[in-house]
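Right, one structure below, let's go through it.
Remember, predicted model here, so these are calculated numbers, not experimental data. We count ligands from 1, going down the list as the structure has it; atoms in each ligand are counted the same way.
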Amino acid sequence: MSKFEEIQKVCLRRGIIFPSAEIYPTISGFFDYGPIGTLIKRKLIDYWREFFVKSEDNIFEMDGSLILSEKVFKASGHLESFVDPITQCKKCKSMFKADDLIKELTGISVEGKPTEEMNKLIKERKLKCPKCKGELSEVRLFNLMLKTEVSPVGGQIAYLRPETAQNIFTAFPRISRAMRAKLPFGIAQVGKSFRNEISPRHFIVRVREFNQAEIEMFFDPENPACPNFEKIKKKKIRILSHEAQKKGKEAELMTVEEALKRKILPNEWLAYFLVKEFEFYKSLGIPEDSLRFRHMLPEETPHYSKGNFDLEIKFEFGWKETVGNAYRTDYDLKKHMKFSGKDLTVITEDGRKIIPHVVEPSFGIDRTIAGILLHCFVEDKKRGWNWFKFPPKIAPFMAAIFPLVSKDGLPEKAKEVYEMLRKEFDVYYDEKGSIGKRYARADEIGVPFGITIDYQTLEDDTVTIRDRDTTKQERVKISELTGILKSLIDRKN
Ligand code: GAP
């Protein structure tokens with residue numbers, strides 16, 4: 001069993017993440033987060049918000065509706081261009097994303113190529129359904145948006161949003177005015193997006209309902225300087241350029257200043273976000289060599305973008321895009337201005353009427369969680385159980401409180417400690433089973449510290465703190481426990 005499969009087993013057993021409505025035959029690509037998964041997801045989003053929104057004084061957050069009128073997607077180009085090539089097995093009726101299937105069977109990348117080219121390859125190479133060897137249908141384009149009809153009398157076609165970005169563009173004039181925002185400024189949004197993926201796969205990596213965290217950073221194209229660029233220009237990130245991809249080379253570690261000079265990156269704003277993303281993912285426990293920014297090839301680049309840099313995480317099944325970074329220029333605002341007839345321009349400090357340009361970092365929260373689960377998972381033969389080395393910032397609980405035995409007044413004392421700590425931290429109390437089993441259960445969901453109340457506690461008001469990563473124990477006074485736990489958490493974060 002692969003590591004990722006092992007992780008999925010833990011997620012099911014501990015109710016962390018599991019298929020939605022699983023008591024019925026399930027629809028693939030939909031997952032529920034249980035209590036532990038919800039804590040991890042909430043903490044990840046809170047951390048993202050601290051790191052990317054609250055730390056900046058010119059980024060505003062909004063929370064828009066999930067269902068949007070068809071008109072929005074006519075304007076944005078999604079009705080026409082948000083498509084994937086699909087082929088179906090004529091025998092077993094399995095559906096395949098044609099470009100993925102061709103790559104899998106021949107090693108040839110046809111992403112973004114016309115369907116005729118895919119059909120030609122299928123015919124020439126006599127490609128068959130990998131499941132039953134049945135004949136494959138003609139490749140056709142399939143729109144990934146989920147359609148619905150609003151209002152009881154019908155007729156109002158709408159779509160579940162395939163990205164959170166369109167709320168931001170359509171709310172742009174109101175928010176910029178209401179917040180008296182001056183360029184450059186950003187609008188961020190965290191929320192659900194929906195895509196009718198042809199073949200959901202790899203657990204929560206490709207699903208049909210997922211969480212995104214996006215920022216649209218609006219700036220004046222005639223004044224594209226990022227005020228913080230000086231601070232970060234010497235920071236290095238790993239970039240897989242077009243040239244490296246053509247030559248089959250590895251990603252190169254370079255400063256963003258150099259990447260701009262070599263015209264790999266299009267502007268300072270994108271450089272700024274890439275540096276922050278690199279730091280963010282490293283701080284979540286993903287090693288540097290399992291992270292890279294791939295400059296998407298022109299044929300793969302989305303219809304709205306003048307350059308995309310995907311932050312990719314290395315999985316067992318290959319590198320997977322986890323953050324899409326796009327230079328969307330004025331594409332969306334221009335289109336919405338044309339289709340809505342509303343004025344989406346702004347007046348610059350020097351009196352010019354312009355449509356701002358936009359860079360967009362678009363994070364997949366579920367894919368980020370999948371990456372964290374994989375890279376924080378420790379297969380530990382010596383300890384006898386596997387565990388997650390989550391940094392405390394996203395661990396579901398900071399500590400577990402254990403009475404050594406469930407008698408002689410230890411549970412009562414342990415509950416006092418629990419009541420004291422829960423005012424400050426996410427902690428839980430556990431008195432079931434042997435202490436070894438309880439350590440294992442806590443390690444398995446990545447709880448950084450275990451606090452044990454034993455017979456000595458009754459004598460001198462001290463407890464032991466066990467460190468998840470080293471299993472070492474330290475005895476401390478209950479009166480100092482909160483402060484000590486805080487500093488231990490900070491050190492591990
Ligand atoms: N607004 C731009 C946009 O949505 P994207 O590259 O299509 O760009 C951004 O998506 C991120 O959303 C991806 O990098 C990925 O992490 C996540 N994402 C996209 N489709 C997904 C899916 N079907 N399942 C899980 N995550 C997905």
Check: Taking any residue with a non-hydrogen atom under 4.0 angstrom from an atom of ligand 1, which ones do you get?
Finding: Glu163, Arg195, Glu197, Val205, Arg206, Val207, Phe210, Gln212, Glu214, Tyr304, Glu321, Thr322, Val323, Gly324, Arg328, Glu360, Ser362, Gly364, Arg367
Notebook entry, point to check: Do the ring planes of Phe218 and Phe169 sit parallel (below 30°), tilted (30 to 60°) or perpendicular (above 60°)?
Noted result: perpendicular
Next item on the list: Can you measure from NE2 (His303) to OG (Ser76) and round to the nearest 0.5 angstrom?
Entry: 5.5 Å
Notebook entry, point to check: Salt bridge check: are Asp332 and Lys335 linked by an N-O gap of less than 4.0 Å?
Noted result: no
Note to self: Would Arg292 pass as a cation-pi partner of Trp319, given that its NZ or CZ must be under 6.0 Å from the six-membered ring centre and within 45 degrees of the axis?
What the structure shows: yes
Note to self: Here's one to test your reading of the geometry: is the NZ or CZ of Lys320 within 45 degrees of the ring axis of Phe315 and under 6.0 Å from its centre?
What the structure shows: no
Next item on the list: Please list all pairs passing the side chain to side chain donor-acceptor pair (under 3.5 Å) test where one or both residues lie in residues 14-27, with sequence neighbours left out.
Entry: Arg14-Glu444, Ser20-Asp32
